[in-house]
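Below, chain A is the first sequence line, B the second, and so on; all start at residue 1.
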Number of protein chains: 2
Amino acid sequence: MGHQTETHAFDAELVPDSRGRTRRPSPECPVEVALAAVSGRWTTLVLRELMAGPMSFSDLRAALPDLSPKVLADRLRTLDARDLVGRQRIPGFPPRTSYRLTTAGEALRPLLVALYSVGSELLSRGSRPPGPQA
Amino acid sequence: MGHQTETHAFDAELVPDSRGRTRRPSPECPVEVALAAVSGRWTTLVLRELMAGPMSFSDLRAALPDLSPKVLADRLRTLDARDLVGRQRIPGFPPRTSYRLTTAGEALRPLLVALYSVGSELLSRGSRPPGPQA
DNA sequence: CGGGATCCTTACGGATACTG
DNA sequence: CAGTATCCGTAAGGATCCCG
């Protein structure tokens, strides 16, 4: 092995290309992009609901009763801005809006599945609950 | 199909069991657990470094020069508290501490891989950078 | 070397009330 | 119905300095 010349080598599965070799948090890194997509409280729950098919604003409110309209609107706006969710106004009265995942949004499904299975693995190992983080 | 009795059905791959059917963010949900494990700025970068093998505090500082000692200590403390990372003091002077992933910590590898590949997918679709989130 | 202690700023998220 | 407007408390995270 080269002694000191190469700082260190990353596992090729973990870091397949140069975009993963950043020395600081950077929006060009795929990991950050994926993390940003699911970040924010309630976001994964909203995504989970939409994975089952299009829903209106109040469908979502009914499915997630403790989520305030403000935060729900925030989440939907952010997801929309990232092209993960699309909104479609249905003409007429009362006003209705249908939210649906875009194809980019559907691409998050394997991530949610991975989160679930890794999380289950951690729980089965008896890892401690989050607690106060700092 | 039952007409209105069942509120709605989740995809079994996405939500394999009842722990994923929460109506609010909850530490019992595997998704939240996994998300908590990688949450926080710099966390995935620290994990990436440790995936290559044990490192000392200043090894990590050298690998991530823009990460302040305070935040690095924060991250390591949190990861330690969650049993994802273990610390080992090396006796003698100057003081040295070696950090390594626990087996639970190694369980995060597939999650990081999934984050990378889903993030790449999003980037290749030309999704917008994070931007101001709220 | 490996941290801890302080201070400060901002961004997030919750509550409540209101509107087209 | 589908949001917006406002206010507010908290916690994350960066900077700086210090200690064993």
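There is a side-chain donor-acceptor pair under 3.5 Å between Ser120(A) and Arg19(B).
A salt bridge does not link Arg77(B) with Asp80(B): none of the charged nitrogens is closer than 4.0 Å to a carboxylate oxygen. Under the 4.0 Å criterion applied to side-chain N and carboxylate O atoms, Arg125(B) and Asp83(A) are not assigned as salt-bridge partners.
In this structure, the separation between CG on Leu112(B) and CE on Met51(B) is 4.5 Å, given to the nearest 0.5 Å. Taking CG of Leu72(A) as the reference point, atom CH2 of Trp42(A) lies at 9.5 Å (rounded to 0.5 Å).
Each of dG13(D), dA2(D), dG2(C) was ranked by its minimum atom distance to the side chain of Val71(B); first place goes to dG13(D). Of the candidates dC12(C), dC1(D), dG2(C), dC12(C) carries the atom nearest the Arg75(A) side chain, counting heavy atoms from C-beta on. When the nucleotides dA2(D), dC12(C), dG3(C) are ranked by their closest atom to the side chain of Ala73(B), dG3(C) comes out on top.
Phosphate proximity of dC1(C) to Thr97(B): absent, as no side-chain N or O sits under 4.0 Å from OP1 or OP2. Dashed line: the shortest gap from a side-chain N or O of Arg89(A) to OP1 or OP2 of dC1(D) is not under 4.0 Å. Listed pair Arg87(A) / dG3(D) meets the phosphate criterion, a side-chain N or O lying under 4.0 Å from OP1 or OP2. When the side-chain nitrogen and oxygen atoms of Tyr99(B) are compared with OP1 and OP2 of dG3(C), one or more of them lie within a distance under 4.0 Å. Within the structure, a side-chain polar atom (N or O) of Arg41(A) is placed less than 4.0 Å from OP1 or OP2 of dG14(C). Distances shorter than 4.0 Å separate some side-chain N or O of Arg77(A) from OP1 or OP2 on dT4(D). Contact between the side-chain N/O atoms of Trp42(A) and the OP1/OP2 oxygens of dC12(C) is not found at any separation under 4.0 Å.
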With the criterion being N/O to N/O and under 3.5 Å, what pairs connect the protein with nucleotides 15-20 of chain D, and how long is each?
none

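In this structure, Leu76(A) places its CG atom 8 Å from P of dG3(D), rounding to the nearest Å.
Between the Thr43(A) side chain and the Ser39(A) main chain, a donor and an acceptor come within less than 3.5 Å of each other.
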